[in-house]
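These notes are about the structure you will find just below.
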Amino acid sequence: MSERSPEQEKRTATTPKGAQRRTLILDAAEQILFESGYGELTMRAVAVTAQTRLGHVQYYFHSRTELIAAVLRRTLDRSLDRLAPLFTDAAMHTSSDTEGLVRQLLAEHDDPQLVRVYAELWALAGRDEAVAAVLRSFYGDYQDHVARLLRTRNPALPETLCQARARVFTVLIEGAALFRSGITAQRTEAADAELINTATALLG
C-alpha cells in the first residue's frame with residue numbers, strides 16, 4: 001500500500017469523520033493526563049482509552065511529543081477563547097471594573113481538572129522544548145492581552161513599564177493557581193484579598 005502524502009493526511013484529518021476521531025484521541029490523551037499524569041500518557045494507552053486502534057493514533061499524531069503538544073495547544077486555545085473577551089470588555093469600561101476582571105480570571109482556578117492539566121504541562125515543559133515553546137506562545141498571547149488593556153487604561157504609560165506590568169500580572173494570576181487549587185496549599189480569604197488588591201493595582 002502506498003504512503004499518503006502530507007496533503008492527503010491533512011484532508012483526511014479535516015473530514016467530519018477524521019475530525020471526530022482526532023477529537024476523541026485528544027480527549028483520551030487529556031483524560032489520561034488529568035487522571036494518571038504524564039508518565040502514563042503513552043500512544044497505546046491513548047488508543048485503549050479512545051477505544052480505537054493504535055494505528056489510528058499514530059496516523060493523526062506521529063509521535064508522543066506531537067500528541068502532547070496538540071493537547072496543550074487545544075487546552076490553551078480554549079483558555080484564550082474564554083479570557084480574551086474579559087480583557088476586551090474591561091478595556092471598554094472604567095477602572096472600577098478591574099477587580100471584577102481579576103476575580104473572573106481567578107475563577108479559572110476553580111476547575112480542578114484544568115489546574116491539574118496545567119501543572120502536568122508546566123512540569124513537562126521543563127523537560128520537553130516542544131511543549132515549552134507552545135507554553136511560551138500561550139503566555140506571550142496572554143501577556144499581550146494584558147498589555148493592550150494597560151495601554152487603553154494608561155495611554156501615557158511607557159511601553160517598557162507596560163510590558164513589565166503585564167508580565168508580572170500574568171505571573172501573579174497564573175502562578176497563584178498552584179496555591180489556590182489545593183495542589184501546594186489551600187486558599188484563604190486573607191491571601192485572596194491581598195492577591196486581588198495587588199493584581200488590580202497592577203492594571204491601574
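Looking at every heavy atom in both residues, Thr52 comes nearest to His56 through OG1-ND1, 2.7 Å. Residues Thr49 and Gln31 share a closest heavy-atom pair of CG2-OE1, 3.6 Å. Taking all atoms of both residues into account, the shortest heavy-atom contact from Ala177 to His109 is N-CE1, 3.5 Å. Heavy-atom minimum distance, Leu157 versus Leu161: CD1-CD2, 3.4 Å. When all heavy atoms are compared, the tightest approach of Leu150 to Leu202 is CD2-O, 3.4 Å. Annotation for Tyr60 and Arg21: closest pair CE1-CD, 3.5 Å, computed over non-hydrogen atoms.
Screening residues 164-177 for salt bridge (Lys or Arg N to Asp or Glu O under 4.0 Å), with sequence neighbours left out, gives no hits.
Interatomic distance, Phe169 CZ to Leu172 CG, rounded to the nearest 0.5 Å: 7.5 Å. To the nearest 0.5 Å, the span separating CD1 on Ile196 from CD on Glu99 amounts to 6.0 Å. Atoms CG and CD, on Leu67 and Gln58 in that order, are 11.0 Å from each other to the nearest 0.5 Å. Note: Asp144 CG to Arg151 CZ = 7.0 Å, rounded to the nearest 0.5 Å. Here the OG1 atom belonging to Thr198 is positioned 11.5 Å from the CG atom belonging to Leu203, to the nearest 0.5 angstrom. Separation of atoms CG (Leu26) and CZ (Phe61) is listed at 4.0 Å; rounding is to 0.5 Å.
Within the 4.5 Å cutoff, side-chain heavy atoms of Arg153 are placed close to those of Thr98. Leu105 has its side chain within reach of Tyr142: a pair of non-hydrogen atoms, C-beta onward, lies under 4.5 Å apart. Counting heavy atoms from C-beta outward, Asp111 and Val115 have side chains that stay 4.5 Å or more apart. Between Arg116 and Glu35 there is no side-chain heavy-atom pair separated by less than 4.5 Å.
The only option from Leu54, Ile32, Val71 that meets the side chain to side chain contact (heavy atoms under 4.5 Å, CB included) definition with Val46 turns out to be Ile32. Evaluated for a side chain to side chain contact (heavy atoms under 4.5 Å, CB included) with Leu33, the options Ile68, Leu124, Leu121 yield exactly one hit, Leu121.
Between the Ser137 side chain and the Ala133 main chain, no donor and acceptor come within less than 3.5 Å of each other.
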Atom pairs and distances, donor-acceptor, side-chain atoms in residues 187-195, under 3.5 Å, two or more places apart:
unit_1 : atom_1 : unit_2 : atom_2 : d
Arg187 : NE     : Arg180 : O      : 2.9
Arg187 : NH1    : Asp110 : OD1    : 3.0
Arg187 : NH2    : Asp110 : OD1    : 3.2
Arg187 : NH2    : Arg180 : O      : 3.1
Thr188 : OG1    : Ala191 : N      : 3.1
Asp192 : OD1    : Arg180 : NE     : 2.8
Asp192 : OD2    : Arg180 : NH2    : 2.9

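Around atom OH of Tyr139, more than 12 heavy atoms belonging to other residues, nucleotides or ligands sit under 6.0 Å away. The 12-atom threshold is exceeded at CZ of Arg127, counting heavy atoms of other residues, nucleotides or ligands nearer than 6.0 Å.
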- Could you walk me through whether Ile173 and Val146 pass side-chain contact (heavy atoms from CB on, under 4.5 Å), step by step? CA-CA 11 Å; Ile173 297 296; Val146 180; over 6 Å; no
- Quick one: do Leu24 and Gln51 satisfy side-chain contact (heavy atoms from CB on, under 4.5 Å)? Show the steps, please. CA-CA 9 Å; Leu24 288 174; Gln51 297 183 338; over 6 Å; no
- Evaluate the criterion side-chain contact (heavy atoms from CB on, under 4.5 Å) for residue pair Gln143 and Val171; output intermediate values, then yes/no. CA-CA 9 Å; Gln143 185 175 317; Val171 169; over 6 Å; no
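Every residue two or more places apart in sequence or in another chain was checked for a salt bridge (Lys or Arg N to Asp or Glu O under 4.0 Å) with Arg73, and none qualifies.
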